[in-house]
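Below is one structure, written out as structure tokens, with a few remarks after it.
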Amino acid sequence: MKQGVWEKEYRNVDNLWGFTPNNMLSNYIDLVPKSGKILDIGIGEGRNALFFAKHGYEVEGIDISETAISRCLELSKEYNLNIHAKVDDIREYNIKNEVYSLIILSNVLNFFSDNDISEIITKLKNGLKENGLVYINVFDNEEPSIAKAKERCKQVADFTYYDEKNKMYHHYFTQDELENLVGDYKTISLVKSRFLDITHGQPHYHSTLEILSKKTKA
Ligand SMILES: C[S@@+](CC[C@H](N)C(=O)[O-])C[C@H]1O[C@@H](n2cnc3c(N)ncnc32)[C@H](O)[C@@H]1O
């Protein structure tokens with residue numbers, strides 16, 4: 001079978017994303033009920049999933065990369081944690097209705113078409129319990145790597161580029177757009193950052209938006 005671009009990325013190195021969870025998630029862990037289940041979409045090697053599982057949570061996750069899932073499961077086994085992770089494509093995955101207290105989309109949503117993004121968000125919202133939380137972390141439209149996307153890919157919509165070679169999209173979010181995705185939820189935290197990433201490869205800058213929101217009737 002032809003390896004996808006993510007599988008190749010993982011096979012190139014022993015660990016791609018490190019083991020530090022996203023700050024916003026660790027800062028707000030107390031808002032997630034201990035009895036609640038967590039779903040990590042695009043779980044990768046599990047830096048966020050492992051963090052929550054070590055704090056006693058039951059975590060489910062999917063990822064399109066076999067290598068990412070097997071690394072995550074090996075670590076979960078080594079530490080005897082409650083993580084159920086499997087290889088799947090979020091575009092085809094059926095999220096169970098009203099099951100999760102937290103759904104995580106960490107550095108994942110940038111790689112889909114506008115249509116896929118809206119379908120993923122609809123499924124995610126259906127999957128959350130009342131008072132459940134959604135965490136989304138994305139590159140915004142000031143992300144420096146947008147220059148590469150402009151050079152190498154075909155522009156198909158505002159801030160959306162299609163990479164023909166790797167058959168994937170790169171979409172860069174405006175703040176309004178990210179807020180509107182969860183506009184019917186209560187915002188707990190919204191942070192825009194520009195920072196030097198020294199966790200992998202040559203040091204490079206990123207420009208990101210992070211949001212944590214609560215599904216609530218109030
Ligand atoms: C930038 S990595 C982030 C990994 C992890 N969430 C983290 O923050 O460490 C993006 C992840 O999304 C996964 N991914 C990409 N497309 C996917 C799809 N269609 N379905 C499921 N996972 C996907 C990739 O394999 C990769 O692990």
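Both counts, for ligands and for their atoms, begin at 1 and track the order of listing. Just so it is clear, the structure is predicted and the values come from calculations on it, not from any experiment.
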Among [options], whose heavy atom sits nearest [atom]?
| atom | options | answer |
| --- | --- | --- |
| atom 16 (N) of ligand 1 | W17, Y93, F112, F19 | F112 |
| atom 17 (C) of ligand 1 | L25, N137, L109, I64 | I64 |
| atom 4 (C) of ligand 1 | G42, A49, S65 | G42 |

Could you state the interatomic distance from CD (E58) to OH (Y100), rounded to the nearest 0.5 Å?
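Between E58 CD and Y100 OH, I get 8.5 Å after rounding to 0.5 Å.
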Hey, could you give me the CD/CZ distance between E119 and F112, rounded to the nearest 0.5 Å?
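Going from CD on E119 over to CZ on F112, the span is 11.5 Å.
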Considering only the protein, which heavy-atom contact is closest to [atom], and what is its distance?
| atom | answer |
| --- | --- |
| atom 15 (C) of ligand 1 | W6 NE1, 3.3 Å |
| atom 25 (O) of ligand 1 | D63 OD1, 2.5 Å |
| atom 10 (C) of ligand 1 | N107 O, 3.4 Å |
| atom 26 (C) of ligand 1 | Y10 OH, 3.3 Å |
| atom 3 (C) of ligand 1 | S106 O, 3.5 Å |
| atom 9 (O) of ligand 1 | R47 NE, 2.7 Å |

Donor-acceptor pair between E142 and Y172 side chains, under 3.5 angstrom:
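E142 vs Y172: no donor-acceptor pair found between side chains.
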Could you check whether T199 and D197, counting side-chain N and O atoms only, form a donor-acceptor pair closer than 3.5 Å?
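The criterion, which ignores hydrogens and geometry beyond distance, is satisfied for T199 and D197.
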As a quick check of understanding, evaluate salt bridge (Lys or Arg N to Asp or Glu O under 4.0 Å) for K125 and E98, giving each step before the final call.
CA-CA 8 Å; K125 286 179 166 176; E98 296 189 31; over 6 Å; no
For N110, give me all partners under side-chain contact (heavy atoms from CB on, under 4.5 Å), at least two apart in sequence or on another chain.
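So N110 forms a side-chain contact (heavy atoms from CB on, under 4.5 Å) with V138, F139, F173.
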Using side chain to side chain donor-acceptor pair (under 3.5 Å) as the criterion, list what pairs up with N180, not counting sequence neighbours.
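N180 satisfies side chain to side chain donor-acceptor pair (under 3.5 Å) with no other residue.
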N or O pair under 3.5 Å between I90 and ligand 1:
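Indeed, backbone or side chain, I90 has an N or O that close.
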What I want to know is whether N48 and ligand 1 share at least one N or O pair that is separated by under 3.5 angstrom.
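No - when backbone and side-chain N and O of N48 are compared with those of ligand 1, no distance drops under 3.5 Å.
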Hey, which atoms in ligand 1 end up nearer than 4.0 Å to a heavy atom of D89?
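Answer, ordered by atom number: 18 (C), 19 (N), 20 (N).
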